[in-house]
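Letters A, B, ... are given to chains in the order of the sequence lines, protein chains preceding strands, and every chain is numbered from 1. On a predicted model such as this, the values are computed, not experimentally measured, just so you know.
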There are 2 protein chains.
Amino acid sequence: MDTGAATPRPGAPVRGSASGRPIMAALDLLGRRWTMRIVWELSQAPAGFRELQRRCERMSSSVLSTRLEELAQARLLTLRDDGYRLTPLGQELVDALRPLGDWSRRWADAADA
Amino acid sequence: MDTGAATPRPGAPVRGSASGRPIMAALDLLGRRWTMRIVWELSQAPAGFRELQRRCERMSSSVLSTRLEELAQARLLTLRDDGYRLTPLGQELVDALRPLGDWSRRWADAADA
DNA sequence: CCCCTTGCTTCGATTTTCGAACCACTATGC
DNA sequence: GCATAGTGGTTCGAAAATCGAAGCAAGGGG
């Protein structure tokens with residue numbers, strides 16, 4: 001791989017924080033382009049590489065490849081016969097992200113006003 | 001500003017999705033480097049420009065400036081006499097992000113194993 | 001054999017991020 | 001008045017991340 005910075009791990013120093021606090025590793029990992037989107041798409045349904053690429057319009061294959069490897073390293077997903085799937089840990093992340101979906105709707109309402 | 005792509009707005013097409021779904025705008029906005037981190041830091045306490053920069057080690061001033069403008073445009077924060085502060089909408093985002101903190105600790109535990 | 005799909009990799013072009021230097025302004029001290 | 005230090009930023013060239021079209025190797029029909 002080596003197409004960028006190391007995959008953030010809880011306990012290790014990451015961009016913007018040498019403390020090793022888990023939340024900082026999470027914010028670094030999830031703050032990379034397409035990462036949350038990929039997790040979100042896989043929560044809707046497992047998908048293969050090319051289908052994932054289709055679902056996220058204009059995501060480049062090279063970045064998708066990098067992200068999938070990062071997320072696999074972080075144990076949030078795995079490649080199975082039927083495509084990429086979230087691990088139980090990845091599913092828990094989706095659950096943790098769910099309030100964000102609710103918030104975004106309130107944000108949209110507020111933006112209209 | 002003009003140091004990159006437009007600030008995502010719910011209802012408008014964003015990177016990776018022409019649909020205008022609020023969650024896609026949120027994922028685009030929050031998936032930019034430092035964005036969630038800035039929101040997170042401001043949830044701990046309001047801070048001025050330079051203090052924010054100190055709290056997020058190595059964040060460049062130019063990106064901080066861009067992000068603050070994006071977040072202000074999205075109505076998630078404002079500049080007051082005592083520094084940058086989250087708006088009520090920004091506070092709600094922090095609340096929505098709170099489960100992520102809990103998850104990150106479970107993630108850390110799983111990574112140890 | 002040909003054609004289509006799959007999961008990727010390669011690599012040059014483009015965009016984003018970095019970071020040190022700098023500007024304008026407001027104290028505070030001497 | 002003059003220096004010093006703090007503030008909120010901007011500028012701009014360098015470095016890193018991302019893009020995206022092309023290509024590769026493997027597999028499955030027809």
Can you confirm whether [X] sits close enough to [Y] that some side-chain heavy atom of one is under 4.5 Å from a side-chain heavy atom of the other?
X	Y	value
L42(A)	L76(A)	no
Q53(B)	S61(B)	yes
V39(B)	L77(B)	no
R80(A)	P46(A)	no

Starting from [atom2] on [N], measure out to [atom1] on [X] and report it in whole angstrom.
X	N	atom1	atom2	value
L52(A)	dT6(C)	CG	P	12 Å
E51(A)	dT5(C)	CD	P	14 Å
D81(A)	dT6(C)	CG	C1'	13 Å
L68(A)	dG7(C)	CG	C1'	10 Å
M59(B)	dC18(C)	CE	P	9 Å
E70(B)	dT17(C)	CD	P	8 Å
F49(B)	dA24(C)	CZ	P	17 Å

DNA chain D contacts among residues 21-43 of chain A, heavy-atom distance under 4.0 Å |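 Within residues 21-43 of chain A, the residues near DNA chain D are R33(A), W34(A).
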Which part of the nucleic acid, if any, lies within contact of [X], taking any heavy atom under 4.0 Å across all strands shown: a base, the sugar-phosphate backbone alone, or nothing?
X	result
L79(A)	sugar-phosphate
R80(A)	nothing
L64(A)	nothing

Give a yes/no answer on whether the side chain of S60(B) brings an N or O atom under 4.0 Å of OP1 or OP2 in dT17(C).
->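 It does not, given that no N or O in the side chain of S60(B) lies less than 4.0 Å from OP1 or OP2 of dT17(C).
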Those residues that, when tested against W107(B), pass ring-ring contact (aromatic ring centres under 6.0 Å, His included) (two or more places apart) =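 Result, ring-ring contact (aromatic ring centres under 6.0 Å, His included) vs W107(B): W103(B).
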Partners meeting side-chain contact (heavy atoms from CB on, under 4.5 Å) with R32(B) (sequence neighbours left out) |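 By the side-chain contact (heavy atoms from CB on, under 4.5 Å) rule, R32(B) matches A5(B), P8(B), R15(B), D28(B), T35(B), R67(B), E70(B).
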Would you say that more than 12 heavy atoms from the other residues, nucleotides or ligands in this model lie under 6.0 Å from the [atom1] of [X], or not?
X	atom1	answer
R106(B)	CZ	yes
R75(B)	CZ	no
R55(B)	CZ	yes

Atom pairs and distances, donor-acceptor, side-chain atoms in residues 19-26 of chain B, under 3.5 Å, two or more places apart:
unit_1, atom_1, unit_2, atom_2, d
S19(B), OG, S17(B), OG, 2.7
S19(B), OG, R21(B), N, 3.2
S19(B), OG, R21(B), NE, 3.1

Taking N or O atoms only and anything under 3.5 Å, show me the protein contacts with nucleotides 21-26 of chain D, one pair per line.
unit_1, atom_1, unit_2, atom_2, d
dA21(D), N6, S61(A), OG, 3.2

Side-chain (R37(B)) to main-chain (G16(A)) donor-acceptor, under 3.5 angstrom =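 Yes, R37(B) side chain to G16(A) backbone: donor-acceptor pair under 3.5 Å.
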Secondary-structure stems for DNA chain D, with pairs counted as Watson-Crick or G-U when both distances are under 3.5 Å and runs at least 3 long =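 As far as DNA chain D goes, consecutive pairing (with distances under 3.5 Å) yields the stems C:1-30 with D:1-30.
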Should D95(A) and R98(A) count as an ion pair when the cut-off is N to O under 4.0 Å?
->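 Between R98(A) and D95(A) there is a salt bridge, with a charged N closer than 4.0 Å to a carboxylate O.
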Which residue lies more 5' along DNA chain C, comparing R15(A) with R54(A) via nearest heavy atoms =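 First, find each residue's nearest nucleotide; the 5'-ward one identifies R54(A).
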